[in-house]
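Each remark here refers to the structure printed beneath this line.
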There are 2 protein chains.
Amino acid sequence: MHRSGFRSADLNAILAAARVTKGALYYHFDNKEALGYAVVDEVLASISREKWVWPLQNAKNPIDALVGIVQGTSCRREDLECGCSLNNLSQEMSPLNEGFRRRTAKLFKDWHDAIAVALRQGQKLGLVRSDVDAGETATFLIAAYEGFISLAKNSQDVRVLQAGQKSVLRLLESLRGRRGLTKGRRVKAG
Amino acid sequence: MHRSGFRSADLNAILAAARVTKGALYYHFDNKEALGYAVVDEVLASISREKWVWPLQNAKNPIDALVGIVQGTSCRREDLECGCSLNNLSQEMSPLNEGFRRRTAKLFKDWHDAIAVALRQGQKLGLVRSDVDAGETATFLIAAYEGFISLAKNSQDVRVLQAGQKSVLRLLESLRGRRGLTKGRRVKAG
DNA sequence: GAAGATGCATACTGGTTGGTATGTTACAGG
DNA sequence: CCTGTAACATACCAACCAGTATGCATCTTC
């Protein structure tokens, strides 16, 4: 489903790979669409929570947390090859299936809100510049991040993803507030 | 093909819509794949050239040209609904078909190079800040632009695209050099 | 004007694939 | 034990759809 997309994903192949029979699947799910919904609601949602929401909620410094998350993004060839599963599903299904669109949109919203809330918290603590709009910045970060992953997936070149990481990290550093510029950190726009 | 993606696009439906018979199609193309290649090489390439490459080559000020292009991006619901056809095809086919991957990658490269060359030219004229890397900036612009289009396609909300335009425009303004800051322009990071 | 080539049109086919109908096992309750 | 039901397994179907086989005008060339 990650490689081929939802519609071109072969149910029989999925069942064979999972060593599950068709009877077992259709006992638990009404149809392929319901299986896809469950993948978004459970698999993709928990990936997003583990990678983004949880670290941001438990971070002392949101910029540091974001830097860590971005740096933690795998640059291995096999991960880069298929891109972001949330973005893939969203792009494929949004114009065609309102159920998929709403579910993926909810994940993007949760992602966005986690970043925005953390940035606002950081602004209160002086760790994040107060002259930026947290909501707009969160959207911008997500757009740039997903955009770079898309370009890297197309080029199939690890260096493209690494360059993208570098750009996003520079953007993150430019968001630090007065109290966030400590211990010899160098910030371009500082 | 734009809505449904390449593989799920129904050839019979395309033929009916174009009022062309299957015999006519298969006289000129070996198979569906060859038709898809032609769409990338001719249709998408000429769209990209008309919208980005040509205006950038004939611009006196690259920032002004980029601002114009970004502002000229349609925010109509029906255009936003299906997203960017180049990015769609690229994301769908890159992991599955090397021919599609190479072709879409070439269009992204031409797009990137057009921006980078224009920015370097602008740097020579003092219209673009000399402390930015033209290549990295071009990639960043494309990534952010495509990222916002993807998010807008998912949300199906015109305001998301408009907010994205605003963010990209702010980024563009921050790139202006000394000789580009005239006639009362206000630049955030200036 | 005969013969081939060009440029299509139409009917058909064969493989793929989501979904179903029916059979079977295992276990729980009485 | 007997019955019922939950939890599967298997064989099959029907639709969809890319691709093909064949037919048929028109046009070119000698």
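Below, chains carry the letters A, B, ... as their sequence lines are ordered, and counting in each starts from 1. The shown structure was predicted, so the numbers you read here are calculated from the model rather than taken from an experiment.
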* **Nucleotide of C:dT10, C:dG18, D:dC17 approaching B:Thr21 most closely (side-chain heavy atoms)** => C:dT10
* Asked: Going by an N to O cut-off under 4.0 Å, is there a salt bridge joining B:Lys60 and B:Asp64?
  -> no
* Asked: Starting at the 5' end of DNA chain C, which residue's closest nucleotide do you reach first, A:Asp10 or A:Asp30?
  -> A:Asp10
* Rounded to whole angstroms, how far apart are CZ on B:Arg19 and C1' on C:dA9? -> 16 Å
* Touch check for B:Ala9, heavy atoms < 4.0 angstrom, all strands: base, sugar-phosphate only, or nothing? -> sugar-phosphate
* Asked: Side chain of B:Lys22: nearest nucleotide among D:dA18, C:dA9, C:dT20?
  -> D:dA18
* **Whole angstrom value for the distance that separates C1' of D:dA18 from CZ of B:Arg7** => 15 Å
* Asked: What are the two closest non-hydrogen atoms of A:Ala118 and A:Pro62, and how far apart are they?
  -> O-CG, 3.3 Å
* Nearest-Å distance, CG (A:Leu25) to P (D:dA9)? -> 11 Å
* Not counting sequence neighbours, which residues clear salt bridge (charged side-chain N to carboxylate O under 4.0 Å, His left out) with A:Arg7? List them please. => A:Glu92
* Please state how far atom OH in A:Tyr26 lies from atom C1' in C:dA21, giving the value in whole angstrom units. => 14 Å
* Could you tell me the separation between the CG atom of B:Leu15 and the P atom of D:dC17, rounded to a whole number of Å? => 12 Å
* Asked: Got a salt bridge between B:Asp133 and A:Arg170, using NZ or NE/NH1/NH2 to carboxylate O under 4.0 Å?
  -> no
* Please check the phosphate of C:dC8 (OP1 and OP2 only) for any side-chain N or O of B:Tyr27 closer than 4.0 Å. => no
* Asked: Does OP1 or OP2 of D:dA6 have a side-chain N or O of A:His28 closer than 4.0 Å?
  -> no
* Indicate yes or no: does A:Asp110 engage A:Lys106 in a salt bridge with an N to O separation below 4.0 Å. => yes
* Which residue lies toward the 5' end of DNA chain C, A:Phe6 or B:Ala24, if each is placed at its nearest nucleotide? -> B:Ala24
* Between D:dG19 (P) and B:Lys32 (NZ): distance, integer Å -> 8 Å
* Whole-Å distance separating the CD atom of A:Glu33 from the C1' atom of C:dT17 -> 17 Å
* To do: Send over the distance from B:Asn12 CG to C:dC12 P, rounded to a whole Å.
  => 15 Å
